[in-house]
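In what follows, a single structure is set out as structure tokens and then discussed.
Every chain is numbered from 1, with letters handed out A, B, ... down the list of sequences.
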Amino acid sequence: MSNQEDLNNEKLEEKANFIEKIIISDIEKNKNNGAVVTRFPPEPNGYLHIGHAKSICLNFGIAQKFSGKCNLRFDDTNPVKEDLEYIKSIEEDIKWLGFTWDGEARYASNYFQKMFDLAVELIKKGLAYVDDQTADEIRISRGTLTEKGKDSPFRERSIEENLELFLKMKNGEFENGEKVLRAKIDMGSPNINLRDPIIYRISHETHHNTGDQWCLYPMYDWAHGLEDSFEGITHSICTLEFEDHRPLYDWFLNQFEELHHPQQIEFARLNLNYTIMSKRKLLKLVQDNYVASWDDPRMPTVSGLRRRGIPAAAIREFCSRIGVAKTEGTVDYALLEYCAREELNRVATRRMVVLDPVKVVITNYPEGETEFFDGENNPEDENSGTRSISFSREIYIEREDFMIDPPRKYFRLAPGKEIRLKHAYYITCTDYKVDSEGRVEEIYCTYDPLSRGGWTDDGRKVKGTSHWVDANSAIPVEVRLYDRLFVAENPGKVTGDFLDDINPDSLSVVTAYAEPAIKDGTAGEFFQFLRVGYFTADYKEFTAGNLVFNKTVGLKDTFKVQR
RNA sequence: UGGGCUGUCGCCAAGUGGUAAGGCACCGGGUUUUGGUUCCGGCAUCCGUAGGUUCAAAUCCUGCCAGCCCAGCCA
């Protein structure tokens with residue numbers, strides 16, 4: 001190994017998480033001949049969420065880092081919960097996140113025959129038996145957390161009888177629930193997973209992939225290790241709740257010396273405050289119409305975050321920053337927002353859009369005249385070019401950028417005060433008009449012709465700068481203002497029902513006025529509405545004739561009112 | 001109450017016997033035609049807790065406390 005490679009390895013190790021350290025050590029020992037093969041094994045029973053993104057970044061990231069491979073494998077062993085729609089969405093989400101799985105997507109269901117054959121072998125070894133007990137009987141005889149279980153009365157059936165019955169199970173000669181196949185391990189084990197776990201159940205159900213070919217379906221514990229083994233997985237990474245299952249994972253594989261034996265490693269799943277990650281709860285939100293769909297921009301699903309306007313790169317960065325460890329914690333949502341802003345600041349196209357307009361008349365500006373200014377598309381990107389912005393006697397500014405009686409350190413417009421209109425002129429407020437309810441209806445200003453472009457060389461201090469649009473040419477656009485879906489850090493913590501903490505104001509739709517250049521936007525494009533926040537042209541609905549924008553996240557706001 | 005796992009700054013997270021990295025958040029200040037960005041500075045005498053071993057412990061030992069997971073023919 002060259003010095004250069006040594007250096008690289010040191011660098012690799014320096015930033016490695018505990019799983020990567022295990023892998024580095026395995027490579028050094030030449031375990032698996034130095035190969036690294038991981039997999040992302042979703043069950044196609046729901047949409048992927050940000051928690052899955054953590055696992056995806058981990059598994060695919062490891063493959064990239066160590067020149068290995070990462071498979072996509074659908075763990076479709078339960079036909080009653082799984083659906084083709086989910087398979088499609090999962091594939092799309094992974095691709096969108098920027099990862100490519102090795103070869104074709106795999107399906108646990110394509111291994112059913114091999115698994116069945118191995119189960120027959122297990123029976124022949126005297127290590128599995130057919131149990132006639134009902135589900136209730138099995139549950140009761142399994143014991144409790146503190147009491148040992150009791151052997152099934154069918155535990156000592158002959159190998160021949162077990163073989164015959166198992167075949168009949170496969171051939172559809174029994175009803176659902178009539179019989180199961182169990183591994184014969186130890187009903188007295190302190191680890192409940194080892195108390196003769198069920199490895200096959202009967203389910204007369206059409207499977208999305210195998211149709212009606214099978215009525216016998218393998219359980220997770222039996223299937224998962226075998227799938228990993230068949231695919232030559234070297235490191236089978238899963239979440240903490242499977243730690244108790246590892247002895248079983250190993251037990252099954254240990255019964256077949258000829259099989260490759262992957263190493264299972266567990267890490268803590270992601271929790272994010274102000275949101276939920278449970279597939280069951282997310283499904284509830286969709287089914288009961290608390291949100292519009294799985295990809296509603298308020299959802300923590302990958303497709304929801306995408307529609308919200310969070311770039312894939314921001315999600316990857318987030319996953320990198322939260323790290324990988326075994327401590328279960330809850331990551332602050334502010335970190336995700338930070339990652340979104342960081343990326344968006346780099347790439348977002350700047351435009352001026354007024355969300356809550358109030359008219360300003362520039363009384364000393366000639367009526368009927370229009371002039372144009374150039375504004376950079378992105379000050380963070382020299383190559384982004386400029387766009388033309390029109391200006392005339394009447395403009396709109398943001399209602400909150402004017403106050404009749406402002407507090408100290410209010411840099412915005414107020415009677416007698418001068419501000420800068422971004423890219424345009426300095427204006428000074430001379431008067432204003434309110435309606436019968438005291439609401440500001442119109443503001444009157446004068447402009448300084450010498451400040452064309454928004455600057456003078458006379459050393460004048462103009463602290464405030466406002467965004468604005470030309471009333472003559474402004475285009476109305478639909479803006480969907482999203483806020484967090486839950487008002488509580490840990491939804492449901494207090495009342496027990498997460499629905500009690502839903503934010504009733506998580507969505508409001510407004511018609512805003514935008515500068516004409518907004519028309520040039522493309523679906524999915526990222527924008528920064530100057531001084532307001534980051535928005536995206538809804539990638540599913542935005543067209544030239546339907547200008548819809550979703551709010552991603554506001555700009556960081558450090559303005560504090562001081563009276 | 002049985003088994004498994006975890007406890008380092010408000011939130012993540014390095015550190016694995018030699019005297020507490022980093023990021024987010026937060027708080028100051030400079031720059032700024034976005035109160036954005038950027039830049040500078042601050043932010044754990046202490047590592048769940050109580051003892052012990054050692055010249056030296058967040059790191060080793062013992063006890064205790066707290067949290068999470070497991071009793072689906074779900075994954």
Side-chain angles (χ1 to χ4, degrees), chain A residues 14-18 41-43 45 75-78 80-82 108 131 133-135 138-140 142-149 176-182 189-195 197-203 217 219-221 223-224 238-247 266 268 270 273 279-280 318 320-339 341-342 345-346 350 352 375-376 379-380 409-412 420-424 426 451 453-455 462-467 528-534 554-560:
Chain A
E14 221 172 79
K15 292 165 76 177
N17 60 50
F18 83 99
E43 183 188 14
N45 68 342
D75 217 351
D76 55 353
T77 56
N78 185 359
V80 312
K81 295 167 80 175
E82 295 149 9
D131 197 339
Q133 292 184 103
T134 65
I138 288 178
R139 179 172 47 76
I140 290 162
R142 184 154 35 220
T144 68
L145 295 178
T146 50
E147 298 161 57
K148 295 180 172 187
N176 291 358
E178 221 179 313
K179 286 184 167 42
V180 291
L181 185 71
R182 292 230 256 170
S189 172
N191 181 344
I192 291 177
N193 295 307
L194 262 18
R195 316 235 263 233
I198 292 167
I199 59 180
Y200 273 99
R201 79 284 213 182
I202 295 167
S203 179
Y217 291 93
M219 298 288 289
Y220 168 86
D221 286 304
H224 206 89
C238 62
T239 42
L240 251 28
E241 68 268 29
F242 292 101
E243 270 178 319
D244 286 348
H245 293 246
R246 185 166 10 104
E266 311 85 11
L270 168 68
N273 57 14
K279 276 192 194 177
R280 201 200 95 241
F318 172 74
S320 153
R321 283 176 185 257
I322 57 178
V324 176
K326 295 191 71 160
T327 39
E328 326 162 51
T330 303
V331 174
D332 196 336
Y333 198 86
L335 183 59
L336 214 209
E337 293 187 329
Y338 171 85
C339 294
R341 291 191 187 105
E342 182 187 43
N345 179 54
R346 282 184 52 235
R350 268 62 170 181
M352 292 200 286
E376 66 260 306
E380 305 291 322
K409 294 224 178 172
Y410 182 80
F411 307 148
R412 310 176 188 184
R420 168 171 36 244
L421 294 177
K422 177 80 177 172
H423 300 306
Y426 294 169
S451 63
W455 185 253
V462 178
K463 179 75 175 165
T465 300
S466 278
H467 58 106
Q528 184 195 106
F529 292 173
L530 238 56
R531 299 209 315 133
V532 179
Y534 294 103
L555 251 29
K556 193 175 167 195
D557 186 5
T558 54
F559 172 49
K560 300 176 289 281

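Here, B/C12 and B/U33 have their C1' atoms 37 Å apart, quoted to the whole Å. Distance noted for atom P between B/G18 and B/C61: 16 Å (whole Å). B/A50 sits 16 Å from B/G7 when the C1' atoms are compared, rounded to a whole Å. Rounded to a whole angstrom, the distance from the C1' atom of B/C60 to that of B/U16 is 10 Å. Only the P atoms considered, B/C64 is 25 Å distant from B/C70, to the nearest whole Å. Taking the P atoms as reference points, B/U8 lies 15 Å from B/C68, given to the whole Å.
Among the atoms of the strands shown, none is found under 4.0 Å from any heavy atom of A/Pro42. Counting non-hydrogen atoms under 4.0 angstrom, A/Phe242 reaches a base of the nucleic acid. As judged by a 4.0 angstrom heavy-atom cut-off over every strand, A/Arg412 is placed among the base-contacting residues.
By the side chain to side chain donor-acceptor pair (under 3.5 Å) test, A/Lys463 is found to be paired with no residue, residues two or more places apart in sequence or in another chain being considered. Applying the salt bridge (Lys or Arg N to Asp or Glu O under 4.0 Å) test to A/Glu43 and every residue at least two apart in sequence or in another chain returns nothing. Checked against salt bridge (Lys or Arg N to Asp or Glu O under 4.0 Å), A/Arg182 has the following partners two or more places apart in sequence or in another chain: A/Asp131. Take A/Thr465 and apply the side-chain contact (heavy atoms from CB on, under 4.5 Å) test, not counting sequence neighbours, and it matches A/Arg420, A/Lys422.
Place A/Thr465 and A/Thr146 on RNA chain B by their nearest nucleotides, and A/Thr146 ends up nearer the 5' end.
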Quick test: give all pairs of protein nitrogen or oxygen and nucleotides 70-74 of chain B nitrogen or oxygen below 3.5 Å, distance rounded to 0.1 Å.
from, atom 1, to, atom 2, distance (Å)
B/C73, OP1, A/Arg142, NH2, 3.1
B/C73, OP2, A/Arg142, NH1, 3.0
B/C73, OP2, A/Arg142, NH2, 3.4
B/C73, N3, A/Gly177, O, 3.4
B/C73, N4, A/Gln133, O, 3.1
B/C73, N4, A/Ala135, N, 3.0
B/C73, N4, A/Gly177, O, 3.0
B/C74, OP2, A/Arg201, NE, 3.1
B/C74, OP2, A/Arg201, NH2, 3.0
B/C74, O3', A/Arg201, NH2, 3.2
B/C74, O2', A/Asn78, ND2, 3.1
B/C74, O2', A/Lys81, NZ, 3.1

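Summarising the geometry, the separation between CG on A/Leu555 and P on B/U37 is reported as 7 Å, rounded to the nearest angstrom. Rounded to a whole Å, the CZ atom of A/Phe411 is 14 Å from the P atom of B/U33. What separates CD of A/Glu376 from P of B/U34 is a distance of 9 Å, to the nearest Å. Distance, A/Phe318 CZ to B/G23 P: 17 Å, rounded to whole Å.
The base of B/U1 has none of its N or O atoms less than 3.5 Å from a complementary donor or acceptor on the side chain of A/Glu147. Between the side chain of A/Arg341 and the base of B/U37 there is no donor-acceptor pair of N/O atoms closer than 3.5 Å.
A/Arg341 places a side-chain N or O within donor-acceptor distance of the main-chain N or O of A/Gly554, the cut-off being under 3.5 Å. For A/Asn273 (side chain) and A/Asp332 (main-chain N/O), no donor-acceptor pair under 3.5 Å exists by modelled atom type.
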Heavy-atom protein contacts under 4.0 Å, nucleotides 6-13 of chain B, coded B base, S sugar-phosphate only, - none:
SS---SSS
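The pairing partner recorded for B/A25 is none, the criterion being a Watson-Crick or G-U wobble arrangement whose two distances lie under 3.5 angstrom.
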